[in-house]
Amino acid sequence: MSEISPKLNEHLNGLTNEISRRHFDEALEHGREAIASDELHSDENRSILAAVYRNMGAANDHLGRDDIACDYMEQAYRIHDDRVAENRTPETLRERSATASYVGIFATKAYLAGQRQDPELAKKAIGAVHQAEADMAEAGRISGDKYHQYEINMTGRWSMIESLVGSKGRGFVLAGRAIRLAPLSEKNQQKGLTKKDVLRARKRALMRGVAAMAVNLTSHTKPTEKVAESIANKAM
């Protein structure tokens, strides 16, 4: 990775921080400015470009722009997958894990929107989640870290996907882990978030864990299955 200019760094932090604050239009402005920077498109900064694509995908998803979100996420995944093939490190594995998680989220939403009529979407969703979990676990083994912010962000989402299209038992376990990890959210952040931002992030992580547990518990029977889907669509 080459040295990042202060201006580009401002937009990179602005993109992630505004997403954390749920200011998605503002986040997209930072993302567009970052993508317009020539230095982001150098070979040394491909992984940063992929992270920007992923965040742009997430922000567009929150704004209901499904096609744009999927396009950004597919671009991000291709880069992260290539990076893992080139150099299998905790960083490259975690980045692919985060992007694979979103691929699973988008596939799950599309599957539910299609009234569960496309089994290939369900396979894509659960396959992406399994890869995301495996990548995160491998990164932890290599680095020795007990947890990572990406894992905190994604465990509740993995749980919801498992509960809806995979193993409900695994979904239950992951929901419990998401709740336990929530108080650690942004503990070691170096992005300039305020104390209020950190508390908000922890509350959001806890609420996602609680939502994951609710999805799991309501996904077991046909009468409450739609409740589970509704919660997941809002919380993923």
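All residue numbers refer to positions in the sequence shown, counting from 1.
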J.: Could you measure the distance from the OG atom of Ser47 to the CZ atom of Arg96? Nearest 0.5 Å is fine.
T.: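 Those atoms lie 14.5 Å apart.
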
J.: Could you report the tightest heavy-atom contact between Ala51 and His80, atom names first, then the distance?
T.: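 Heavy atoms only, the tightest pair is N-NE2, 3.8 Å.
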
J.: Given 3.5 Å as the limit, does a donor-acceptor pair link the side chain of Arg157 with the main chain of Met236, or not?
T.: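 Yes: the side chain of Arg157 pairs with the backbone of Met236.
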
J.: Side chain to side chain contact (heavy atoms under 4.5 Å, CB included) between His11 and Leu15: does it pass, once the steps are laid out?
T.: CA-CA 6 Å; His11 290 306; Leu15 173 59; over 6 Å; no

J.: To the nearest 0.5 angstrom, please state how far the CG atom of Asn45 sits from the CG atom of Asp38.
T.: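 The CG atom of Asp38 is 11.5 Å from CG of Asn45, to the nearest 0.5 Å.
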
J.: Checking side chain to side chain contact (heavy atoms under 4.5 Å, CB included) for the pair Met136/Arg141: CA distance, chi angles, key distance, verdict?
T.: CA-CA 9 Å; Met136 192 66 71; Arg141 287 193 297 270; over 6 Å; no

J.: Please evaluate residues Glu138 and Arg88 with respect to the criterion side chain to side chain contact (heavy atoms under 4.5 Å, CB included), reporting the C-alpha separation (whole Å), side-chain torsions for both, the decisive distance (0.1 Å), and the verdict.
T.: CA-CA 10 Å; Glu138 183 178 349; Arg88 203 175 187 91; 2.9 Å; yes

J.: Mind checking whether Val215 and Val210 sit in one hydrophobic cluster, side chains of I, L, V, M, F, W, Y counted as touching below 4.5 Å?
T.: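 Each belongs to a different hydrophobic cluster.
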
J.: Between Gln75 and Met56, is there a side-chain heavy-atom distance shorter than 4.5 Å?
T.: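 With C-beta onward as the side chain, the pair stays apart.
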
J.: Tell me whether Val198 is reachable from Tyr147 by hopping between hydrophobic residues (I, L, V, M, F, W, Y) whose side-chain heavy atoms are closer than 4.5 Å.
T.: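 Hydrophobic grouping puts Tyr147 apart from Val198.
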
J.: Which heavy atom of His41 sits nearest a heavy atom of Ile35, and at what distance?
T.: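 Smallest interatomic distance, heavy atoms only, reads NE2-O, 2.7 Å.
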
J.: Could you tell me whether Lys146 and Glu151 have a side-chain N and a carboxylate O separated by less than 4.0 Å?
T.: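 Salt bridge between Lys146 and Glu151, a charged N being under 4.0 Å from a carboxylate O: no.
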
J.: What are the two closest non-hydrogen atoms of Trp158 and Ala132, and how far apart are they?
T.: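 Reported closest heavy-atom pair: NE1-CB, 3.7 Å.
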
J.: Applying the 4.5 Å side-chain criterion to the ILVMFWY set and letting contacts propagate, would Val165 and Met213 be lumped into a single cluster?
T.: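 As far as the 4.5 Å side-chain criterion goes, Met213 and Val165 are not connected within one cluster.
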
J.: Should the pair Glu91-Arg83 be classified as a salt bridge under the 4.0 Å nitrogen-to-oxygen rule?
T.: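 A salt bridge is absent here (no side-chain N lies under 4.0 Å from a carboxylate O).
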
J.: Under the 3.5 angstrom rule, does the side chain of Arg202 hit a backbone N or O of Pro183 as a donor-acceptor pair?
T.: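 Indeed, once roles are kept as given, a pair shorter than 3.5 Å links the two residues.
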
J.: Taking side-chain contact (heavy atoms from CB on, under 4.5 Å) as the test, write out the residues that go with Lys196, two or more places apart.
T.: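 For Lys196 the side-chain contact (heavy atoms from CB on, under 4.5 Å) partners, ignoring immediate neighbours, are Thr194, Arg200.
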
J.: Pairing donors with acceptors under 3.5 angstrom, does anything connect the side chains of His130 and Glu162?
T.: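 Yes - a donor-acceptor pair under 3.5 Å links their side chains.
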
J.: Could you measure the distance from the CZ atom of Arg208 to the OG atom of Ser185? Nearest 0.5 Å is fine.
T.: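 These two atoms lie 8.5 Å from each other.
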
J.: How close do Cys70 and Phe106 get, counting heavy atoms only, and between which atoms?
T.: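 Heavy atoms only, the tightest pair is SG-CD1, 3.8 Å.
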
J.: Does the Lys168 side chain pair with the main chain of Ser219, one donor and one acceptor, at a distance under 3.5 Å?
T.: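 Yes, because the side chain of Lys168 sits within donor-acceptor range (under 3.5 Å) of the backbone of Ser219.
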
J.: Keeping Gln149 on the side-chain end and Glu186 on the backbone end, is there a donor-acceptor pair under 3.5 Å?
T.: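 It does hold such a pair.
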
J.: Between CG of Leu8 and CG of Asn13, what distance do you get to the nearest 0.5 Å?
T.: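 Spacing of CG (Leu8) from CG (Asn13) equals 9.5 Å.
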
J.: Arg46 vs Asp82, test: side chain to side chain contact (heavy atoms under 4.5 Å, CB included). Steps then yes/no.
T.: CA-CA 10 Å; Arg46 284 172 60 235; Asp82 287 344; 3.7 Å; yes

J.: Between Arg94 and Ser143, do the side chains contain a donor N or O and an acceptor N or O under 3.5 Å apart?
T.: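 Their side chains do contain a donor-acceptor pair, which is all the 3.5 Å distance test asks for.
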
J.: Hey, does Asp61 have a side-chain heavy atom less than 4.5 Å from the side chain of Arg65?
T.: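 No, every pair of side-chain atoms sits at 4.5 Å or beyond.
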
J.: Kindly give the heavy-atom pair with the smallest separation between Tyr111 and Asp118, and that separation in Å.
T.: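 Between these two residues, the closest heavy atoms are CD1-O, 3.2 Å.
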
J.: Answer yes if Leu174 and Val103 sit in the same cluster of Ile, Leu, Val, Met, Phe, Trp and Tyr residues linked by side chain heavy atoms under 4.5 Å apart, and no otherwise.
T.: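 Result: yes, single cluster for both.
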
J.: Could you give the distance from OG1 (Thr155) to CZ (Arg177), rounded to the nearest 0.5 Å?
T.: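 Rounded to the nearest 0.5 Å, the OG1-CZ separation comes to 6.0 Å.
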
J.: Got Asn17 and Asp197 here, is their nearest side-chain heavy-atom distance under 4.5 Å?
T.: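 Asn17 vs Asp197: side chains apart.
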
J.: Are the side chains of Leu63 and Leu28 in contact, using a 4.5 Å heavy-atom criterion?
T.: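 Yes; the side chains approach each other to less than 4.5 Å.
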
J.: Quick check: closest heavy atoms across Thr221 and Thr224, and the distance to 0.1 Å?
T.: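 That closest heavy-atom pairing would be OG1-OG1, 2.8 Å.
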
J.: For side-chain hydrogen bond (donor to acceptor under 3.5 Å, both in side chains), just list the numbers for Arg54 and Thr99, CA-CA rounded to whole Å, side-chain angles, deciding distance to a tenth of an Å, and then say yes or no.
T.: CA-CA 6 Å; Arg54 182 179 63 226; Thr99 304; 3.0 Å; yes

J.: Is atom CZ of Phe172 surrounded by more than 12 heavy atoms (other residues, nucleotides or ligands) closer than 6.0 Å?
T.: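 Not buried by this count: 12 neighbours or fewer within 6.0 Å.
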
J.: Before you tell me yes or no, could you show the steps for Glu229 and Arg116 under salt bridge (Lys or Arg N to Asp or Glu O under 4.0 Å), namely the whole-Å CA-CA distance, both residues' side-chain angles and the distance that decides it to 0.1 Å?
T.: CA-CA 11 Å; Glu229 293 178 7; Arg116 298 175 175 261; 2.8 Å; yes

J.: Give a yes or no on whether the backbone of Thr89 and the side-chain of Thr92 come within a donor-acceptor separation of less than 3.5 Å.
T.: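 Here the side-chain-to-backbone pair exists.
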
J.: Can any side-chain N or O of Ser97 pair as donor or acceptor with the backbone N or O of Leu93 at less than 3.5 Å?
T.: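 A pair under 3.5 Å: no.
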
J.: Using the rule that two of Ile, Leu, Val, Met, Phe, Trp, Tyr join whenever any of their side-chain heavy atoms come within less than 4.5 Å, decide whether Tyr102 and Phe24 are in one cluster.
T.: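 Tyr102 does not cluster with Phe24.
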
J.: Please report the interatomic distance CD1(Ile19) to NE2(His62), rounded to the nearest 0.5 Å.
T.: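 Atom-to-atom, Ile19:CD1 and His62:NE2 are 7.5 Å apart.
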
J.: Do Glu95 and Tyr150 have a side chain donor and acceptor closer than 3.5 Å?
T.: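 There is such a pair between these side chains.
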
J.: I would like to know whether Glu39 and Ser5 meet side-chain hydrogen bond (donor to acceptor under 3.5 Å, both in side chains); could you show each step before the answer?
T.: CA-CA 8 Å; Glu39 64 181 300; Ser5 69; 2.6 Å; yes

J.: Does the His220 side chain pair with the main chain of Asn216, one donor and one acceptor, at a distance under 3.5 Å?
T.: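 Yes, because the side chain of His220 sits within donor-acceptor range (under 3.5 Å) of the backbone of Asn216.
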
J.: Just checking, any donor-acceptor pair under 3.5 angstrom between side chains of Ser230 and Asn233?
T.: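 The criterion, which ignores hydrogens and geometry beyond distance, is not satisfied for Asn233 and Ser230.
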
